[in-house]
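Down below is the structure, laid out as structure tokens.
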Amino acid sequence: MVEELRLALPVTHTTSSDIDLAALVDTYSALLFRVAHSILRNRAEAEDVVQDVFVRVLENRRSLMEVRDMRVWLVRIAWNRALDRRQRIRPDQMDDLFAATLIGRNLPADQAIDEHRRMKSVLQEMERLPKKERQVLLLAALEELSTAEMAGITGRSESAVRALLFRARTRLRERLSKGGNA
């Protein structure tokens, strides 16, 4: 999926004060892509966000040694860049294509259509969640992130993240069951 994602960035020579960009790209590009794609629901836009993140790394390479948690710092940049881009895209523009990518390709046509409708309904209900709840729910969907990392990315405490996540899941479950879509 992301294996073909190659960044058009200049090669940098590393010194003891520089970060190895190639290692960062290898280590984090797939995660950053999933973060951006979960928000943007568009492959090309998500790839652009990943490139933006690594351009930012290049721009700040002299001060990177001061970054305490590189993973959280990179995810936070990807998260914020994706949210900025998202403001330019209407949610209904994203849902059909994104929902189609979530459907198994080997399903019979009738099941695929039902699954597509269900996924689109879930995505629409997620859009109706309060912003803070929606954001934490999206981050939680990336199972690689701990509560502490989600707190660092969103700038909230771990207990606040857990509370938001609980409320988001509860509210989403209730809305979907009322609509008969769950």
> Would you call Trp79 and Leu139 a side-chain contact if the rule is heavy atoms closer than 4.5 Å?
Replying inline: yes
>> Using 0.5 Å steps for rounding, measure from the CG atom of Leu137 to the CG atom of Leu129.
In response: 6.5 Å
> Does the side chain of Ser146 reach to within under 4.5 Å of the side chain of Glu158, using non-hydrogen atoms?
Replying inline: no
> Where do Ser157 and Ala151 come nearest, in terms of heavy atoms and distance?
Replying inline: C-CB, 3.8 Å
> Under the side chain to side chain contact (heavy atoms under 4.5 Å, CB included) criterion, do Asn42 and Arg85 qualify, and how do the steps go?
Replying inline: CA-CA 11 Å; Asn42 179 298; Arg85 284 178 181 258; over 6 Å; no
> What closest approach, in Å, do Ala36 and Ala82 show between heavy atoms, and which atom pair accounts for it?
Replying inline: CA-CB, 4.0 Å
>> So Met126 and Leu138, do their side chains get closer than 4.5 Å, heavy atoms only?
In response: yes
> Side-chain contact, heavy-atom cut-off 4.5 Å: Glu45 with Arg86?
Replying inline: no
> Are Glu59 and Arg56 close enough for a salt bridge, meaning some N to O gap below 4.0 Å?
Replying inline: no
> If you look only at pairs with a residue in residues 63-76, which of them pass as a side chain to side chain donor-acceptor pair (under 3.5 Å), with sequence neighbours excluded?
Replying inline: Arg71-Glu149
Quiz: residues 161-170 side-chain donor-acceptor pairs under 3.5 angstrom, not counting sequence neighbours:
| residue | atom | partner | partner atom | Å |
| --- | --- | --- | --- | --- |
| Thr170 | OG1 | Phe166 | O | 2.8 |

> Does the Thr27 side chain pair with the main chain of Leu24, one donor and one acceptor, at a distance under 3.5 Å?
Replying inline: no
>> Measuring from atom OH of Tyr28 to atom CD1 of Ile77, what distance do you get when rounded to the nearest 0.5 angstrom?
In response: 12.0 Å
>> Working to the nearest 0.5 angstrom, can you tell me the gap between Arg128 CZ and Arg171 CZ?
In response: 10.0 Å
> Does the distance from a Lys or Arg side-chain N to an Asp or Glu carboxylate O, for Glu47 and Arg34, drop under 4.0 Å?
Replying inline: no
> Can you list the residues that meet the salt bridge (charged side-chain N to carboxylate O under 4.0 Å, His left out) rule with Arg134, with sequence neighbours excluded?
Replying inline: none
>> Please enumerate all residues that pass side-chain contact (heavy atoms from CB on, under 4.5 Å) together with Ala78, with sequence neighbours excluded.
In response: Leu32, Val35, Val49, Val53
>> Less than 4.0 angstrom from a charged side-chain N to a carboxylate O is my criterion; do Arg156 and Glu133 meet it?
In response: no
> Who are the salt bridge (charged side-chain N to carboxylate O under 4.0 Å, His left out) partners of Asp84, not counting sequence neighbours?
Replying inline: none
>> Are Val25 and Val50 packed together at the side-chain level, in the sense that at least one heavy-atom pair is separated by less than 4.5 angstrom?
In response: no
> Okay, side chain of Arg81, backbone of Asp48: is any donor-acceptor separation there less than 3.5 Å?
Replying inline: no
